[in-house]
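One structure below.
A quick note: this is a predicted structure, and the numbers were derived from the prediction, not measured. All ligand and atom numbering here is 1-based and tracks the order in the structure.
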Amino acid sequence: MNQVSRQELGHWLDTTLQAQRFKDYCPNGLQVEGKDRITHIIAGVTASEALVRAAIAKKADAILVHHGWFWKNEDPCIRGPKRIRLSLTLRHELNLWAYHLPLDAHPVLGNNAQLARVLGFEPDRDENGNPITCGSDGLVWLGRATRADTLGELGDEICNTLQRTPLIVGNAQQPVDRVAWCTGGAQSLIEAASAAGAQTYITGEASEQTFHWAQETGMGFIAAGHHATERYGVQALGAAVAAQFGIQVEFIDLNNPI
Ligand SMILES: [Zn+2]
């Protein structure tokens with residue numbers, strides 16, 4: 001069975017995702033240190049207790065996620081669900097790697113790139129082939145929806161592909177030519193998407209005011225699910241790890257309706 005050292009894998013992940021480039025709300029990289037040698041990784045969207053328990057049941061050596069732990073402004077005390085997650089992880093010597101914004105933004109493996117792939121969005125690119133983006137940290141991607149002409153058709157495409165009914169604001173008949181998208185809880189970036197000339201904005205979640213902004217600007221808006229839009233980056237990253245080191249990486253999709 002192939003194996004890789006914690007140090008080598010961590011270095012490859014940090015370098016591939018350019019983890020140091022981002023000012024984030026959580027530490028990116030190795031959040032909890034476990035075993036020295038890694039042969040089997042469990043990948044998932046969020047390092048929940050259920051994912052930790054699944055990794056233990058599968059006798060994995062590491063967990064790789066988009067949503068890790070130790071978020072800015074959270075209570076740093078180790079109590080309740082945090083104690084259980086952390087004590088299980090330490091007791092079983094699991095490594096925990098988490099990449100938040102670096103995994104949203106990566107031009108190939110990232111959540112935005114991968115959501116475009118699964119939904120058939122053709123990203124706008126500059127002369128070097130890099131995606132043309134807007135919003136804070138360049139997190140909102142711009143492009144063209146190739147599988148839908150109207151907002152209603154795009155909603156159907158998203159529903160079928162992501163297997164979750166999206167929340168749609170706008171007229172089903174309105175055209176969707178220029179689209180903007182950002183996975184996860186990026187509803188506040190709708191203004192940046194609108195300023196960049198998009199007619200439709202797709203993200204994971206909605207806020208109360210998102211409805212009014214969309215209605216008053218005539219912009220189509222789709223909240224397709226935070227979890228549902230962020231399943232694909234970590235899978236692409238996991239596949240890249242497996243290809244690079246010949247170790248086993250298994251993605252576990254634990255349903256989350258939000
Ligand atoms: Zn997220």
Notebook entry, point to check: Does atom NE2 of His212 have more than 12 heavy-atom neighbours from other groups under 6.0 Å away?
Noted result: yes
Item checked: Shortest non-hydrogen contact between Gly184 and Thr203, atoms and distance -> O-OG1, 3.1 Å
Next item on the list: With the Zn ion (ligand 1) as the reference point, give the N/O/S atom of His67 that is nearest.
Entry: NE2
Check: Which of the N/O/S atoms in Glu230 sits closest to the Zn ion (ligand 1)?
Finding: OE1
Check: Under 6.0 Å between the ring centres of Trp12 and Phe245?
Finding: yes
Checklist line | Given Lys58, Lys59, Glu250, Gln3, the one that forms side chain to side chain donor-acceptor pair (under 3.5 Å) with His40 | finding: Glu250
Item checked: Metal check, the Zn ion (ligand 1) vs His226 N/O/S, cut-off below 2.8 Å -> yes
